[in-house]
Amino acid sequence: MSDGFGAFPADPFGTGGDPFGADLFADALFVDADAASGPGGDGLWVSVGEGWFDVGAAGGDGVVDADGDGRCDTATVTSVDGLAVFSDLDADGVADVYHHVHTDGRFETWTYDAAEGWSLLDRGDL
């Protein structure tokens, strides 16, 4: 499938495709982070290939508990390539939506399903 930007890759972190082209934004997101075997604790967990990363560790910058349940439901991470926003829509501690806004104005929105993995929902230019 193509939308004029190229074929839709299998996942946003390059483990089954390369959605970011030549940039390595995914590597910058998880610098110095240790992969876990599964989500746990009060963070906001992101599935990446064979591991899980906590982008919403308690007290971190860019972390929001919008519904006041004591769990992070949105985390913002920045790198030299732009901004990533992860959101947990069903309050299970796992990011369901991932938005990536590149510094050049391109964007992608991805959704996560435990059975299917990451799927590209939208992409374009701002």
Side-chain angles (χ1 to χ4, degrees):
M1 176 186 264
S2 179
D3 64 355
F5 291 94
F8 288 171
D11 71 70
F13 302 108
T15 57
D18 186 10
F20 303 119
D23 75 60
L24 299 174
F25 187 67
D27 291 340
L29 285 176
F30 306 111
V31 169
D32 296 327
D34 294 324
S37 60
D42 290 332
L44 178 57
W45 292 87
V46 177
S47 173
V48 182
E50 299 297 317
W52 290 84
F53 292 88
D54 183 3
V55 295
D61 292 335
V63 173
V64 176
D65 175 12
D67 59 8
D69 68 355
R71 291 189 74 144
C72 168
D73 48 48
T74 302
T76 303
V77 180
T78 59
S79 88
V80 295
D81 185 48
L83 175 77
V85 179
F86 297 93
S87 297
D88 176 10
L89 302 179
D90 59 7
D92 66 353
V94 173
D96 306 305
V97 178
Y98 162 56
H99 303 280
H100 178 193
V101 180
H102 297 264
T103 56
D104 65 4
R106 292 176 296 125
F107 76 90
E108 292 122 19
T109 298
W110 298 81
T111 59
Y112 180 76
D113 176 89
E116 301 293 323
W118 289 100
S119 298
L120 184 63
L121 181 63
D122 194 14
R123 68 170 23 159
D125 294 307
L126 297 176

His102 NE2 to Glu108 CD distance, which is reported to the nearest 0.5 Å:
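Atom-to-atom, His102:NE2 and Glu108:CD are 3.5 Å apart.
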
Rounded distance (nearest 0.5 Å) linking atom CZ of Arg71 with atom CG of Asp92:
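So the CZ of Arg71 and the CG of Asp92 are separated by 7.5 Å.
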
Go through it in stages, so that I can follow the logic: the residues are Leu44 and Val63, the test is side chain to side chain contact (heavy atoms under 4.5 Å, CB included), and I'd like the CA-CA distance, side-chain angles, deciding distance and then a yes or no.
CA-CA 9 Å; Leu44 178 57; Val63 173; over 6 Å; no

Over all heavy atoms of both residues, which pair between [X] and [Y] is shortest? Give the atoms and the distance, please.
{"X": "Leu120", "Y": "Trp110", "value": "N-CE3, 3.2 Å"}
{"X": "Leu83", "Y": "Thr76", "value": "CD1-CG2, 3.0 Å"}
{"X": "Asp125", "Y": "Phe107", "value": "N-CE2, 3.7 Å"}
{"X": "Ala95", "Y": "Val46", "value": "CB-CG2, 4.0 Å"}
{"X": "Val94", "Y": "Asp88", "value": "O-OD1, 3.2 Å"}
{"X": "Asp69", "Y": "Ala91", "value": "OD2-CB, 4.1 Å"}

With no hydrogens and no angle check, is any side-chain donor or acceptor of Trp118 less than 3.5 Å from a backbone partner on Ser47?
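The answer is yes, because a donor-acceptor pair under 3.5 Å joins these two groups.
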
So, the side chain of Asp65 versus the backbone of Cys72: is there a donor-acceptor pair under 3.5 Å, distance only?
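Not at all, since once roles are kept as given, no pair shorter than 3.5 Å links the two residues.
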
